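Right, one structure below, let's go through it.
Naming: A, B, ... by sequence-line order, numbering from 1 per chain. Just so it is clear, the structure is predicted and the values come from calculations on it, not from any experiment. The figures that follow rest on heavy atoms only: side chains count, while hydrogens, waters and symmetry mates do not.
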Amino acid sequence: MKLLDVPDHARHANMRLVLPLLVWGAWRLTRAQLSVQALNCLIHQCVELGITAFDHADIYGGYTAEAQFGQALALSPGLRAQLQLFTKCGVAAVSAARPAHQVKTFNSSADHLAACMDHSLTALGTEQLDLLMLHRPDYLMDAAETAQALDRAVASGKVRAVGVSNFSPSQVLLLRQHLQTPLAVNQIEFSLGAMQALDNGVLDQCQQLGMRPMAWSPLAGGAVLGDNDLARRLNPVLTHIAQVQACPPAAVALAWLMRCPTRVVPVLGSVRIERLRDAWRATQITLSREDWYTLWAAAAGRQLP
Amino acid sequence: MKLLDVPDHARHANMRLVLPLLVWGAWRLTRAQLSVQALNCLIHQCVELGITAFDHADIYGGYTAEAQFGQALALSPGLRAQLQLFTKCGVAAVSAARPAHQVKTFNSSADHLAACMDHSLTALGTEQLDLLMLHRPDYLMDAAETAQALDRAVASGKVRAVGVSNFSPSQVLLLRQHLQTPLAVNQIEFSLGAMQALDNGVLDQCQQLGMRPMAWSPLAGGAVLGDNDLARRLNPVLTHIAQVQACPPAAVALAWLMRCPTRVVPVLGSVRIERLRDAWRATQITLSREDWYTLWAAAAGRQLP
Amino acid sequence: MKLLDVPDHARHANMRLVLPLLVWGAWRLTRAQLSVQALNCLIHQCVELGITAFDHADIYGGYTAEAQFGQALALSPGLRAQLQLFTKCGVAAVSAARPAHQVKTFNSSADHLAACMDHSLTALGTEQLDLLMLHRPDYLMDAAETAQALDRAVASGKVRAVGVSNFSPSQVLLLRQHLQTPLAVNQIEFSLGAMQALDNGVLDQCQQLGMRPMAWSPLAGGAVLGDNDLARRLNPVLTHIAQVQACPPAAVALAWLMRCPTRVVPVLGSVRIERLRDAWRATQITLSREDWYTLWAAAAGRQLP
């Protein structure tokens, strides 16, 4: 397993999270309709490949993905210890599994977070989450209360590190002011098809505060390699670099994210091991500055000023 | 009178402002053409209702509203002591009352602010303003000079607390760096018809810095309840909640603002006591998280992501 | 030479830069095809006029403008000592003069900056730059590395002060966190034809942090005085103020920039001394607040709110 250290100033006693280069994400897991055995096999294959961190959210698969993953883990005693388990909470989705939710809300109240965390621990069959993230910024967040709930989760040993997802810089500053535990990550949308994080201050803030960005939809839901104007602009560049580097175009698109100075961690949603092997190739190449800016210009559809 | 404390870290010796839940605002006062007696009666009715804070600006009514209010106050010795008086300065409007203003400008120079403050004290017939706000961000603001003028106003006893209106987060940071006195409020446009403060960092900053937001046009100038696309989306939700809570739809729309963790203070512009009674009902209900997000989605015209 | 001090809190031992009111900029120099003698003459005329600071970038004129300027300087021993020389680096442009650059990139790596700085010192024929700026925010900037490179440049005596150009507030905060040397300037696009710096936080930040803004394209590439909608709105106001002040309309447009509380420093691109004399008149007038806001309203095409 290839590891990258977090910056020194982002560490302290309660924050010993070391993020890997790539993370597997469960948001499309239930759609794949894998058997528990097949999922157990996929987890083993991921670990062999080097993908040892698994990203969840309580709401994935209508509140069922975590439990499915937990069952697959339970088939192999000792497997949990080889993994990092991440999850998110704070969205209350309408679902048969949560009849109390009549309306979709964001909810970062202390009670909601505590209940979600316990649910996730049980569903995943673990005593500790390696990372717990707030899934969405809640307009009704009482930052002092939410921060205390997160600090308590760390103090209790139920989570090792805390982070956020889809937070703007002002939302990070607000929450952080009340937190004892440093925020380890901001998991955001970021890809060659969604580059706004380069300009809206989110990546600048991550680098400034020693937070690591994680990227969801790192291939823009496939649009980066699909049949559309963006992909047509990117294709010649991705293909050329892929040939030179002897790797798949998808790996080049992921390596573009990982080349950022903040070392963005892509979250991979595929359940096909050959796709994950393709993706893993991204960890073995480093894009030149020239390749990075050529891809930026192709994605942006314009030259640098 | 129902009061809410400001956060502890926003207090100090010079800042003893305790904001009420709702504030009455004078920006449409002169249009109503009330007699001084009728206005005196309205003030008494407000106080009985629980609305004890009155928000002004030197420019309202072409520089006449403050004096009209002051005359109405003077009819009842002892009334002033039951009220909080807020005003704003820093806009130089073109008006027969200010022949020196040939062009509309924003002006936060020390001289202008000092003159305006004295004007307002005289017009309102009081020795102290409970809150003085800069009405608009002045592109020509020398922050050190403006901050000193505000601190001096507090030190002189002429104002108890200072704030801003319509300031962006970067403008608040700039002014605040030079101020001894904490900024008590940022009075902004905020309603179900103008929700940008939720996303542009202004409300995040208020919560972070312990400033209270006040909301002008809290019903979007009536558009929230009017005959338009926004109102058509909101109407079924407002009506339903109003029925359940046994209160008027306007109260629900105000309660939506007051439910924010920063406890937004709506500024009410009506001179009709039955309207104000309707509004006051907002202080007696608390919207559920579900109701709040349902109203958000109706106003935004889209579901939560 | 008329000088303005930088704020006290922006000074320290390594930062003794005192910016003049106006700066001459070389970005259009090579297009003018001046002989070395003619350029030497122009420099002398500038100095006599009061324009004693000269702004460069390594890339201007396809990497040739600095050397041309250096040759012109060399014709008059002692001339250098009367001047301030500013330059920018960090853009790697495609040019016959830099065959290694196959693709345009932004590059703020320590190696690139050190090499550019040495190039500029040699080309300009000087032992010290008065100001070195990062030309563009580099998405791949490792802020700790870049800051160290800039601090080292100051410590070595090769530059007196450092700054940035075209940086957003979050990019400034990021770089600044790692810098020992204060950032002296942010050179941005700013004119009556490009007023976004008034609202996007850049000028607020400059005032807050004691950085001076420099304005490139201070007449919007001539559009402020040209034949277009903007110019038609501005023309009556500029003409009127110019008549009252007995100066050219261009000087009024520059004085509008210089009237900002952050004392914006326009960078003038003309090689015609009569144009520069016109511009210099801006240093001899001060726009009233009324004139400033009247020009703002004409440029914005709307009244103040």
Side-chain angles (χ1 to χ4, degrees), chain A residues 27 57 59 88 90-95 98-113 134-149 164-179 187-189 194 196 200-202 205 216-217 221, chain B residues 4-10 167-173 176 186 190 192 195-211 213 236-237 240-241 244 255-264 286-300 302-305:
Chain A
W27 82 95
I59 59 168
K88 309 179 207 77
V91 176
V94 176
S95 163
R98 293 289 185 280
H101 300 170
Q102 311 222 327
V103 170
K104 185 172 188 178
T105 63
F106 296 159
N107 189 339
S108 50
S109 67
D111 286 351
H112 184 80
L113 298 184
L134 298 180
H135 203 158
R136 292 276 175 185
D138 169 17
Y139 292 128
L140 300 183
M141 175 174 78
D142 177 323
E145 173 186 334
T146 300
Q148 200 177 27
V164 294
S165 186
N166 305 301
F167 268 46
S168 73
S170 62
Q171 291 159 345
V172 165
L173 289 181
L174 167 57
L175 179 60
R176 190 172 175 268
Q177 154 162 314
H178 294 279
L179 265 177
Q187 183 175 133
I188 55 170
E189 185 181 16
Q196 63 278 5
N200 65 10
V202 167
Q205 184 186 54
W216 56 265
S217 281
Chain B
L4 285 177
D5 275 349
V6 288
D8 277 351
H9 62 281
F167 268 45
S168 73
S170 62
Q171 292 158 345
V172 166
L173 289 181
R176 191 172 175 268
N186 192 358
F190 184 40
L192 280 163
M195 304 200 296
Q196 62 278 4
L198 290 172
D199 292 305
N200 66 9
V202 167
L203 290 179
D204 296 329
Q205 184 185 56
C206 280
Q207 189 176 168
Q208 189 191 346
L209 302 183
M211 296 166 67
V237 191
H240 175 72
I241 301 172
V244 172
W256 184 86
L257 300 172
M258 299 163 71
R259 176 68 175 81
C260 291
T262 38
R263 294 172 302 170
V264 174
T286 301
L287 293 190
S288 68
R289 181 177 293 274
E290 287 69 24
D291 285 345
W292 194 94
Y293 274 104
T294 304
L295 284 164
W296 179 91
R302 65 177 195 275
Q303 298 306 304
L304 282 182

Q. Is there a donor-acceptor pair closer than 3.5 Å between any side-chain N or O of Tyr139(A) and the backbone N or O of Asp199(B)?
A.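 Between the backbone of Asp199(B) and the side chain of Tyr139(A) there is no qualifying donor-acceptor contact (under 3.5 Å).
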
Q) Are the side chain of Gln177(A) and the backbone N or O of Gln208(B) linked by a donor-acceptor pair below 3.5 Å? A)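 Pair found, side chain donor or acceptor close to backbone of Gln208(B).
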
Q. Under the ring pair (Phe, Tyr, Trp, His ring centres under 6.0 Å) test, which residues partner Phe190(B), sequence neighbours left out?
A.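 Phe190(B) satisfies ring pair (Phe, Tyr, Trp, His ring centres under 6.0 Å) with Trp256(B) only.
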
Q) Should the heavy atoms of other residues, nucleotides or ligands under 6.0 Å from CZ of Arg176(B) be counted, would the total exceed 12? A)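 Incorrect, the count does not exceed 12.
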
Q. Gly201(B) and Ser170(A): which non-hydrogen atoms are nearest, and at how many Å?
A.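 Shortest heavy-atom contact: CA-OG, 3.4 Å.
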
Would you call [X] and [Y] a side-chain contact if the rule is heavy atoms closer than 4.5 Å?
X         : Y         : answer
Thr105(A) : Trp296(B) : no
Arg136(A) : Leu304(B) : no
Glu145(A) : Pro261(B) : no

Can you tell me how far apart [atom1] ([X]) and [atom2] ([Y]) are? Round to the nearest 0.5 Å.
X         : Y         : atom1 : atom2 : value
Asn107(A) : Glu290(B) : CG    : CD    : 7.5 Å
Leu203(B) : Met141(A) : CG    : CE    : 11.5 Å
Arg289(B) : Ser108(A) : CZ    : OG    : 6.0 Å

Q. So which part of Gln102(A) gets closer than 4.5 Å to some heavy atom of chain B, the side chain, the backbone, both or neither?
A.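 Contact with chain B involves no heavy atom of Gln102(A) at all.
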
Q) Between Leu140(A), Val103(A), Asp142(A), which shows the greatest number of heavy-atom pairs under 4.5 Å with chain B? A)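 If we count pairs closer than 4.5 Å to chain B, Leu140(A) comes out on top.
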
Q. Is chain A contacted by the side chain of Gln205(B), its backbone, both, or neither, given a heavy-atom distance below 4.5 Å?
A.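 When you check distances to chain A, no heavy atom of Gln205(B) falls under 4.5 Å.
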
**Q.** Part of Pro305(B) lying under 4.5 Å from any heavy atom of chain A
**A.**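 Looking at Pro305(B), backbone and side chain both touch chain A.
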
(Q) Shorter than 4.5 Å, heavy atoms on both sides: which option in Asp291(B), Asn200(B), Leu198(B), Asp204(B) has the most such pairs with chain A? (A)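 It is Asp204(B).
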
